[in-house]
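Numbers for residues simply follow the sequence, beginning at 1.
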Amino acid sequence: MKRFIHTMVIAIALVVAILLIGGPASAQLIPPGPGPGPTSAPSGATALTSGPGDKMYPAISGNTVVWLDNSTRSVQVCDVASGQSLTIAGNDSSAVVFMRQVDISGNSVVWTGMNAATGASDIYLYDTAKGSVTPLTNDPAYQAFPSVSDNFVCWVDLDMETEKGQIHWCSTDAGDSELIKFATSELSSPQTGSTASNQLYPAVGGETLAWLDDEGNASGHLNLNWFAGARKDWVVFDSTTTPISPPAVSSDGRLIVWVVEAKGSSVLLMADTVAREVTSITGTEAMPANPAVDGNYIVWTDNRNGNGDIYLYDIQSGQERQITSDSTEQAFPDISGNRIVWMGQDTGQWEIYEMEVTGTPVPPAPGPSAPVPPAPGPSAPVPPAPGPSAPVPPAPVPPAPGPSAPVPPAPGPSAPVPPAPGPSDGLTITGDDIANLQWQEDPAMPGWLTARDPARGLTFYVDPDIPDIIIIITDSGEWYGYSSTTGLVSLDV
């Protein structure tokens with residue numbers, strides 16, 4: 001059990017470093033803990049869940065919705081058309097309840113599970129037609145952030161020593177697509193040089209794979225990469241902007257959406273892999289995070305009104321619509337066709353809601369929406385253009401191999417979004433609390449420091465390579481991350 005706890009601490013340190021080390025705004029990626037709210041669903045929405053425990057981070061494909069249940073540490077599946085639901089057998093593991101840890105495409109459900117006996121974190125596949133669970137990985141590394149499209153599954157393999165991510169993948173059948181050929185030749189072969197690039201948050205749709213990559217740059221700056229198999233294009237969108245939310249890809253592979261920080265504002269961008277152009281979707285009044293795209297629609301969480309609401313953008317008409325407008329938090333939407341799902345706090349805990357898009361959206365608020373041309377290659381970074389300009393097609397440029405200095409996970413978001421509220425159980429941590437701790441080396445993890453606050457039932461851990469991040473575990477099993485910039489953030493793992 002002690003080995004399991006230590007493995008979890010290392011894994012959480014990596015996740016916190018990826019998501020939180022950049023500053024207070026990065027806490028938008030982890031929604032605040034449940035708070036009081038009305039007992040009804042948002043207007044026009046249908047609640048898919050009820051009862052004890054938080055249901056979080058939904059994903060949808062067609063009429064099938066999956067999510068993570070925090071009380072049982074399991075993956076749950078619901079057929080919206082029939083209303084039938086089930087809990088996937090855990091296969092001797094507990095689902096990691098965190099953002100981007102479950103996905104679905106057709107009959108394939110993938111998720112990250114952690115084995116309490118071995119401390120291993122692996123990727124699992126469930127076939128909804130066959131009712132079978134298959135482990136896709138089985139090694140001591142920390143695998144996370146799976147994504148699936150048809151027969152292609154990808155995830156990140158986090159290296160505990162270098163604190164970098166590398167994309168791994170597998171095919172669930174004997175297909176020979178261009179995407180699989182690309183993955184075989186580029187993702188499965190180590191780069192030359194002393195240190196490979198840091199690859200994070202892969203997202204796959206159709207024959208298109210998108211991910212964030214520092215291309216071995218010692219500064220750790222992340223760019224969006226995508227490979228569009230239908231056109232055999234590998235594109236690096238080289239920009240001075242900083243990614244805030246991971247990319248999402250439409251089910252047909254044509255569209256990619258993500259959020260960047262640009263000149264102190266967060267901006268939602270959309271890449272059209274066929275037209276080969278990038279467009280700004282939101283203006284300066286918006287505060288977007290965690291977008292998803294499919295068909296003619298983009299959805300995202302927006303904090304422009306002081307709390308998280310779900311917004312929708314009609315690509316064809318160029319019009320925006322506010323989907324939810326109550327005072328409780330709504331977060332992490334996903335979309336398939338014209339059906340949206342998200343997690344909301346309307347009952348005082350996180351529940352899953354769904355809604356079908358109908359009617360005509362109202363015109364969007366004024367704001368920039370001009371096409372933003374991707375740079376022609378890594379050597380010419382170009383931030384989103386401030387005004388209208390003609391789209392410029394990028395040249396497909398693979399990251400150049402070569403030696404580079406080791407870098408930790410790249411800095412996180414820096415959009416002007418206040419940090420997430422502290423844990424709902426009343427736990428507070430201040431700088432004085434940290435300063436008064438009696439630190440000592442952890443004998444089980446060389447170089448790590450640990451401290452105890454027995455009066456409050458808290459154990460603290462510090463990774464020497466990420467000294468600004470402190471992992472806190474309560475005696476009752478809750479996990480938190482703390483830094484001087486973000487404060488205390490609740491982690492569901």
Side-chain angles (χ1 to χ4, degrees), residues 40-50 55-69 75-86 99-100 102-111 126 128-129 147-150 203-206 245 247-257 268 270 281 288-302 308-317 319-326 329-346 350-362:
S40 61
S43 176
T46 300
L48 297 181
T49 63
S50 63
K55 293 83 177 175
M56 311 175 77
Y57 311 113
I60 183 171
S61 177
N63 290 324
T64 306
V65 184
V66 296
W67 62 85
L68 299 169
D69 187 288
V75 179
Q76 300 188 342
V77 183
C78 176
D79 184 296
V80 177
S82 66
Q84 295 181 338
S85 61
L86 61 88
M99 61 172 288
R100 301 289 287 251
V102 65
D103 194 22
I104 181 173
S105 175
N107 293 330
S108 298
V109 180
V110 293
W111 72 96
Y126 176 76
T128 60
S147 182
V148 59
S149 177
D150 298 325
V204 62
S245 288
V249 183
S250 61
S251 61
D252 64 2
R254 173 164 183 163
L255 303 176
I256 305 168
V257 292
L268 172 59
M270 179 186 75
I281 299 300
N290 302 301
V293 61
D294 201 39
N296 190 47
Y297 301 110
I298 303 171
V299 292
W300 68 93
T301 305
D302 202 298
D309 283 309
I310 306 302
Y311 277 71
L312 176 142
Y313 180 83
D314 185 310
I315 299 169
Q316 185 173 6
S317 68
Q319 295 183 335
E320 179 185 279
R321 184 195 310 188
Q322 185 174 347
I323 298 299
T324 65
S325 58
D326 54 30
E329 293 291 329
Q330 317 293 324
F332 290 96
D334 195 17
I335 185 167
S336 180
N338 66 340
R339 191 183 298 276
I340 311 170
V341 294
W342 68 91
M343 51 188 274
Q345 285 184 296
D346 298 83
W350 292 112
E351 304 287 359
I352 306 300
Y353 298 93
E354 67 91 11
M355 176 187 293
E356 287 192 75
V357 180
T358 59
T360 303
V362 298

For D302, check salt bridge (Lys or Arg N to Asp or Glu O under 4.0 Å) against everything at least two apart and list the hits. R304
Please check if the side chain of S250 supplies one atom and the backbone of L255 the other of a donor-acceptor pair under 3.5 Å. yes
Between S61 and G106 (side chain of the first, backbone of the second, donor and acceptor by atom type, cut-off under 3.5 Å), is there such a pair? yes
Is there a donor-acceptor pair closer than 3.5 Å between any side-chain N or O of E329 and the backbone N or O of G308? yes
Under the criterion side-chain contact (heavy atoms from CB on, under 4.5 Å), which of I104, D103, I60 is the partner of V66? I104
With T64, which of V77, N107, V109 fulfils side-chain contact (heavy atoms from CB on, under 4.5 Å)? V77
Give the ring-plane orientation class for W300 versus Y311, where under 30° counts as parallel, over 60° as perpendicular and anything between as tilted. parallel
Determine whether Y126 and V75 satisfy the following criterion, side chain to side chain contact (heavy atoms under 4.5 Å, CB included), listing intermediate values before the conclusion. CA-CA 10 Å; Y126 176 76; V75 179; over 6 Å; no
Partner set under side-chain contact (heavy atoms from CB on, under 4.5 Å) for T324, not counting sequence neighbours: P42, D309, I310, Q330, W342
Exercise: identify the closest heavy-atom pair between N63 and A81: ND2-CB, 4.0 Å
Counting only N and O atoms by type, is there a donor-acceptor contact under 3.5 Å from the side chain of S245 to the main-chain atoms of N290? yes
Nearest heavy-atom approach of I352 to M56 is CD1-N, 4.0 Å
In this structure, CG of D79 is separated from CD of Q84 (nearest 0.5 Å) by 7.0 Å
Rounding to 0.5 Å, atoms OG1 (T46) and CD (E354) come to a distance of 4.5 Å
Do the side chains of R321 and V357 get nearer than 4.5 Å, heavy atoms only? yes
Which value, rounded to the nearest 0.5 Å, describes the distance between Y313 atom OH and Q319 atom CD? 9.0 Å
Got a second to check how far I298's CD1 is from I335's CD1, nearest 0.5 Å? 9.5 Å
Shortest non-hydrogen contact from M343 to W350? CE-CD2, 3.4 Å
Which atom names give the shortest non-hydrogen contact between A292 and A248, and what distance separates them? CA-CB, 4.0 Å
List the steps, then state whether side chain to side chain contact (heavy atoms under 4.5 Å, CB included) holds for W67 with V102. CA-CA 7 Å; W67 62 85; V102 65; 5.8 Å; no
Rounded to the nearest 0.5 Å, how far does CZ of F332 lie from CE of M99? 5.0 Å
State the CG-CG distance between D334 and D294, to the nearest 0.5 angstrom. 8.0 Å
Can you list the steps and then say if V204 with V249 is a side chain to side chain contact (heavy atoms under 4.5 Å, CB included)? CA-CA 6 Å; V204 62; V249 183; over 6 Å; no
Would you check, one step at a time, whether the test side chain to side chain contact (heavy atoms under 4.5 Å, CB included) holds for S147 with V110? CA-CA 7 Å; S147 182; V110 293; over 6 Å; no
For S108, give me all partners under side-chain hydrogen bond (donor to acceptor under 3.5 Å, both in side chains), at least two apart in sequence or on another chain. none
For G206 and S149 the tightest heavy-atom approach is N-OG, 2.8 Å
